There are 2 protein chains.
Amino acid sequence: MEGKKILLVEDDPNFGAVLKDYLMINDFDVTLAKNGMEGFEKFKKDTYDLCILDVMMPYKDGYTLAREIREKNQEVPIIFLTAKTLKEDVLKGYKVGADDYLNKPFDSEVLLVKIKAIIQRKASEVKPDTNQFEFTIGKFHLNSKLRFLTFPGQEPIKLSPKECELLKMLALFENDLMPRELALTKIWRDDNYFTSRSMDVYIAKLRKFLKLDENVEILNVHGEGFRLLIKQ
Amino acid sequence: MEGKKILLVEDDPNFGAVLKDYLMINDFDVTLAKNGMEGFEKFKKDTYDLCILDVMMPYKDGYTLAREIREKNQEVPIIFLTAKTLKEDVLKGYKVGADDYLNKPFDSEVLLVKIKAIIQRKASEVKPDTNQFEFTIGKFHLNSKLRFLTFPGQEPIKLSPKECELLKMLALFENDLMPRELALTKIWRDDNYFTSRSMDVYIAKLRKFLKLDENVEILNVHGEGFRLLIKQ
DNA sequence: TTTTATGTTAATCTTTGGTTAATGTATTTT
DNA sequence: AAAATACATTAACCAAAGATTAACATAAAA
């Protein structure tokens, strides 16, 4: 549950700051945006596990923002914060794809319980895309669930979570460019100098493993990303 | 969604009847019980897709009933109806394993939306067959009802409830990953540092028992969970 | 040729898991 | 009621696994 990324969009700066601090104390990684516009910009730039949106905001209200977020991402859970308890609002929220509704003023402990319940629920749902976990990479076979990379006549190689996720993503883009930025935001959940270097380290590790099959190779596309090349 | 069975436990006969009718008009198959005692009797006699429990009831309140229901069945969704909005009550409800909370007076349309959302969610969850209680684990045989683990030429080993549940869950995932989080939420009903360590202690105990058969092993998948490996 | 991006190794830091034993807690036996 | 028991949780310590960072080397682009 630790380190889950939350996008908090709240126009009241005091309340926003307090709530952010409270969530961070409880081991969430919180990004605060002070209006709908900024919220959507931040949403596009990163990958979040949960969005908490204030309904009443100037320029762009919570519902509009939620609809925009849903266009980009059908999965991410959304919680609305609202002072209103009007039925139409609640129904409107559910229609836009809300996961829960919280009336202000609310108890922080209740919010925490709800957040945990929602994140846990989402985690246990079957995701159609991410569900594939068996890959053939040249003579190799990758099981990304058990994190095993097998090669005929060899003991299976155990992969670390990062090694495994990276190789899986390369395999999904087989022979095609896997953008650097994509791997960083999806796997490292952050895109900066250090995570970028970290990724390079992992590329080196994978190359070492993949040496067993001379027809498999990870190529760099300068400034763009990497390419898992599988010859013939 | 049609014909789903709902157990409605509500002591106010007027309100109960109205709600029952409303739900039946909306194609649910509703059984009404007028107190906790009767509710539990009816629950044991049939299989329901959802329970809607009033919190405030004479003799046996909704929480107590929910706990009893949870003992028999960890899966069935529970919605509480309550006039109170006290924080402790909400938290208590979630701890007992509630799926949602509704404050009276509530809007019937909202209730309907919630019911549908919850039933749909539960339907999409994968549930391993929890009724099975006989397992073959290599040369071992586990009876999870009597909590006996037998090995040819040995006195049967008596297992404690936790030992047994954990081994059973591992057996259900035989040779596949049993996610740590799943065992914690299902068996320990909580997922935190201490329950996690407690589980590790139980894994150690099970490993000790399983040593008798060198083809049976509990492997760890770092950060993910455990795997009951049964060789050939 | 100067800057920027990548390759690689090793050191350091962090998180997770294994194990034993002590402590807590409820139930049963005496 | 006290003692015994069975079981579960917590603590403590160590080991293993994994991730990041630093440092230096090399390659590609501006």
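Computed from a predicted model, the values in this text were never measured in an experiment. Side chains are part of it too, since the values below use all heavy atoms of this structure and drop only hydrogens, waters and symmetry mates.
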Quiz prompt | d(CZ, B/F209; C1', D/dC7) in whole Å | solution = 12 Å

Quiz item: Over how many whole Å does the gap from B/L206 atom CG to C/dT20 atom P extend?
Solution: 14 Å

Self-check item: Partner of A/E217 by salt bridge (Lys or Arg N to Asp or Glu O under 4.0 Å), out of A/K231, A/K211, A/R207
Solution: A/K231

Quiz prompt | Non-hydrogen side-chain atoms of B/Q132 and B/F135 separated by less than 4.5 Å | solution = yes

Quiz item: If you look at every heavy atom in B/Y48 and B/V76, which pair is closest and at what distance?
Solution: O-CG2, 3.7 Å

Quiz item: Does A/R147 have a side-chain nitrogen or oxygen under 4.0 Å from the phosphate oxygens OP1 or OP2 of D/dG18?
Solution: yes

Quiz item: In whole angstrom, what separates B/I203's CD1 from C/dT19's P?
Solution: 11 Å

Quiz item: Taking atom P of C/dG17 as reference, at what distance in whole Å does atom CE of B/M178 sit?
Solution: 11 Å

Check nucleotides 22-28 of chain C for protein N or O atoms closer than 3.5 Å to its own N or O atoms and list the pairs.
none

Self-check item: Rounded distance in Å - CD (A/E224) to C1' (C/dT4)
Solution: 14 Å

Exercise. Flag yes if more than 12 heavy atoms outside A/E181 fall under 6.0 Å of its CD atom; otherwise flag no.
Key: no

Quiz item: Under a 4.5 Å cut-off applied to non-hydrogen side-chain atoms, are B/L182 and B/F173 in contact?
Solution: yes

Practice problem: Output yes when A/E68 and A/K72 qualify as a salt bridge under the 4.0 Å nitrogen-oxygen rule, no when they do not. | Solution: no

Quiz item: Which whole-number value in Å describes the distance from A/E217 CD to C/dG7 C1'?
Solution: 14 Å

Self-check item: Atom-pair distance (CD1 on B/I187; C1' on D/dA8), nearest Å
Solution: 14 Å

Exercise. Using atom CG of A/N220 as one end and atom C1' of C/dT8 as the other, report the distance to the nearest whole Å.
Key: 14 Å

Show me, pair by pair, the donor-acceptor contacts under 3.5 angstrom made by side chains of residues 136-143 of chain B, not counting sequence neighbours?
unit_1	atom_1	unit_2	atom_2	d
B/H141	NE2	B/E134	OE1	3.2
B/N143	OD1	B/K145	N	2.9
B/N143	OD1	B/L146	N	2.9

Exercise. Decide, yes or no, whether a salt bridge links B/K5 with B/D46 under the criterion of side-chain N to carboxylate O below 4.0 Å.
Key: yes

Quiz prompt | Given C/dT8, C/dT16, C/dT19, the nucleotide with the shortest approach to the side chain of B/D200 | solution = C/dT19

Quiz item: What pairs with B/R147 under salt bridge (charged side-chain N to carboxylate O under 4.0 Å, His left out), at least two apart in sequence or on another chain?
Solution: none

Quiz prompt | Pair listing, salt bridge (Lys or Arg N to Asp or Glu O under 4.0 Å) test, anchored in residues 189-204 of chain A, at least two apart | solution = A/D49-A/R189, A/R180-A/D200, A/R197-A/D200

Quiz item: Within the structure shown, what part of the strands sits under 4.0 Å from B/K208 by heavy-atom distance: base, sugar-phosphate, or nothing?
Solution: sugar-phosphate

Quiz item: Between the axis at one end of the helix from C/dT1-D/dA30 to C/dT30-D/dA1 and the axis at the other (five pairs apiece), what's the angle to 10 degrees?
Solution: 30°

Quiz item: Can any side-chain N or O of B/R227 pair as donor or acceptor with the backbone N or O of B/N175 at less than 3.5 Å?
Solution: yes

Quiz item: Can you give one letter per nucleotide of nucleotides 9-14 of chain D, going 5' to 3': B for a protein heavy atom under 4.0 Å from the base, S for sugar-phosphate only, - for none?
Solution: BBSB--

